[in-house]
Amino acid sequence: MSDEDDLEDFEPDLDDLEREDDEKETEEWEDDRKGEEDFSEEADGNRLRSAQLNELPYLQIASFAYNQITDTEGISHPRLGSLNLKGNHIRMVTGLDPQKLISLHTLELRGNKLESTLGIDLPKLKNLFLAQNMLKKVEGLENLTNLTTLHLRDNHIETLSGFSKEMQSLQYLNLRGNMVPNVRELTKLRDLPKLRALVLLDNPCTDENDYRQEALVQMAHLERLDKDFFEEEDRAEAQEIRQRMKEEEELETEPEPDLELDQPSI
């Protein structure tokens with residue numbers, strides 16, 4: 001047997017190789033398709049009463065807007081990043097487990113019937129939309145340390161209690177169309193270290209004299225109030241007021257001299 005015959009014996013069958021490649025590509029394509037099928041779920045504008053699904057390991061975007069959903073139970077997809085439940089009939093958030101919803105960064109709950117913000121204990125959350133509900137206050141959001149955007153427009157919020165220094169990433173807060181009574185409530189936002197934009201239009205507090213100035217006095221790091229940015233002269237004036245207030249407080253806390261010690265002994 002010649003060397004050429006030996007080489008021919010060891011040469012692979014090209015047809016077999018091409019067939020294997022085709023089969024491999026087909027398998028990979030099918031795997032990709034499975035992932036794509038699980039990537040998003042859209043069921044807007046139906047008559048669904050629940051968003052509950054068996055766990056989908058690849059699901060990243062889910063939208064159940066404008067249905068008849070009354071609760072948030074049965075949502076436990078580990079890769080889910082965005083959940084839209086806008087325009088339903090949800091009164092209370094329950095069942096959103098942070099140990100299972102480890103990727104959820106955006107939660108849309110506008111236009112429901114929420115009476116409380118309790119139950120939204122999702123530390124990875126970055127964007128929370130709660131406009132057009134029935135909220136009177138904010139509560140139970142202390143663990144949202146990564147939250148950057150919070151929309152609370154068109155509720156019935158009367159007090160700004162509930163915002164805490166643990167909400168250290170919050171940059172944008174929309175409270176338009178609520179019932180915040182006066183600018184003194186803004187002192188409760190002083191502990192939000194990264195708050196840069198605040199919207200308070202259509203609240204009673206905006207009718208007060210020097211509303212914008214008082215807001216900047218309370219929150220020196222604020223860059224924009226409602227639609228307008230603060231100018232440098234606004235900041236300078238606010239700083240002067242803060243300094244004056246500090247001096248007055250120091251004077252008030254100084255101990256009064258002990259008059260008895262000043263009396264000569266007899």
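The structure displayed is predicted, hence computed values, not measured ones.
Between the CD atom of Q218 and the CZ atom of R242 there is a distance of 9.0 Å, given to the nearest 0.5 Å. From I241, atom CD1 reaches atom CD of Q213 across 3.5 Å, with rounding to the nearest 0.5 Å. Going from atom CG of D44 over to atom CG of N84 covers 6.0 Å, rounded to the nearest 0.5 Å. The line from NZ of K194 to NE2 of H221 is 11.5 Å long, rounded to the nearest 0.5 Å. Residue L130 holds its CG atom at 7.0 Å from CG of L107, rounded to the nearest 0.5 Å. Atoms OG1 and CG, from T148 and L125 in turn, are 9.0 Å apart once rounded to the nearest 0.5 Å.
Remark: side-chain polar atoms of S169 are paired, donor with acceptor, to backbone N or O of T145 under 3.5 angstrom. Remark: the backbone N or O of L152 is not paired with any side-chain donor or acceptor of N174 at under 3.5 angstrom. Side-chain N or O atoms of E108 include one that pairs as donor or acceptor with a backbone N or O of R110 at under 3.5 Å. A distance-only check finds no donor-acceptor pair linking the side chain of E166 to the backbone of E142 [under 3.5 Å]. Side-chain atoms of R235 do not come within 3.5 Å of backbone N or O of E237 as any donor-acceptor pair. No donor-acceptor pair closer than 3.5 Å links the side chain of N155 to the backbone N or O of N178. Listed for the N88 side chain is a donor-acceptor partner under 3.5 Å among the backbone atoms of N67.
Residues passing the side-chain hydrogen bond (donor to acceptor under 3.5 Å, both in side chains) test with E158, sequence neighbours excluded: none. Partners of R49 under the salt bridge (Lys or Arg N to Asp or Glu O under 4.0 Å) rule, at least two apart in sequence or in another chain, do not exist in this structure. Under the side-chain hydrogen bond (donor to acceptor under 3.5 Å, both in side chains) criterion, D121 pairs with N143, not counting sequence neighbours. Shown here are the side-chain hydrogen bond (donor to acceptor under 3.5 Å, both in side chains) partners of R91, two or more places apart in sequence or in another chain: E115. In terms of the side-chain contact (heavy atoms from CB on, under 4.5 Å) criterion, residue partners of T106 (sequence neighbours excluded) are, by chain and number, S82, N127, F129.
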Q. Run the side-chain contact (heavy atoms from CB on, under 4.5 Å) check on T70 and I90 step by step: do they pass?
A. CA-CA 4 Å; T70 57; I90 300 167; 5.8 Å; no
Q: Would you sort out whether H77 and L83 count as a side-chain contact (heavy atoms from CB on, under 4.5 Å), showing the intermediate values?
A: CA-CA 10 Å; H77 316 294; L83 175 61; over 6 Å; no
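Both F230 and L175 sit in one connected hydrophobic cluster of ILVMFWY residues. Membership requires side-chain heavy atoms under 4.5 Å apart, directly or through other members. With hydrophobic clusters built from ILVMFWY side chains whose heavy atoms lie under 4.5 angstrom apart, Y172 does not share a cluster with L186. L96 and L147 fall within the same hydrophobic cluster, where Ile, Leu, Val, Met, Phe, Trp and Tyr residues are linked whenever their side-chain heavy atoms come under 4.5 Å apart, directly or through other members. Residues Y66 and L85 do not share a hydrophobic cluster, defined by chaining ILVMFWY side chains whose heavy atoms lie under 4.5 Å apart. Transitive grouping of hydrophobic side chains (ILVMFWY, heavy atoms separated by less than 4.5 Å) keeps V199 and V138 in distinct clusters.
Other residues, nucleotides and ligands contribute more than 12 heavy atoms inside 6.0 Å of the CG atom of D207. Surrounding NZ of K86 are more than 12 heavy atoms belonging to other residues, nucleotides or ligands, all under 6.0 Å away. Counting non-hydrogen atoms of neighbouring residues, nucleotides and ligands closer than 6.0 angstrom, the CD atom of Q243 exceeds 12 such neighbours.
Residues L173 and F163 meet the side-chain proximity criterion, which asks for heavy atoms closer than 4.5 Å. Counting heavy atoms from C-beta on, the side chains of L118 and V93 never come closer than 4.5 Å. Looking at T117 and L128, their side chains never come closer than 4.5 Å, going by heavy atoms from C-beta outward. Using a 4.5 Å heavy-atom threshold, the side chains of T159 and E185 count as touching. Taking the side chain as every heavy atom from C-beta outward, L201 and K227 approach each other to under 4.5 Å. Here the side chains of M167 and L141 are in contact, with some heavy-atom distance below 4.5 Å. Taking 4.5 Å as the limit, every side-chain heavy atom of I75 sits out of range of all side-chain heavy atoms of F64. Side-chain contact between L150 and L170 is present, with at least one heavy-atom pair separated by less than 4.5 Å.
Between Q99 and I102, the closest heavy-atom pair is O-CG2, 3.3 Å. Of all heavy-atom pairs between M92 and T72, the closest is O-OG1, 4.4 Å. A pairwise comparison of heavy atoms in H89 and N112 identifies N-OD1, 3.3 Å as the closest pair.
Checked against Y211 for a side chain to side chain donor-acceptor pair (under 3.5 Å), the options N182, T206, D226, N203 give a single hit: D226.
At a cut-off of 3.5 Å, with distance as the only test, no side-chain donor of S50 or E73 sits close to an acceptor on the other residue.
Counting only residues at least two apart or in different chains, side-chain hydrogen bond (donor to acceptor under 3.5 Å, both in side chains) contacts with residues 131-141 comprise S116-E139.
For R79 and Y58, the positive end is not near the middle of the six-membered ring at less than 6.0 Å and at most 45° from its axis.
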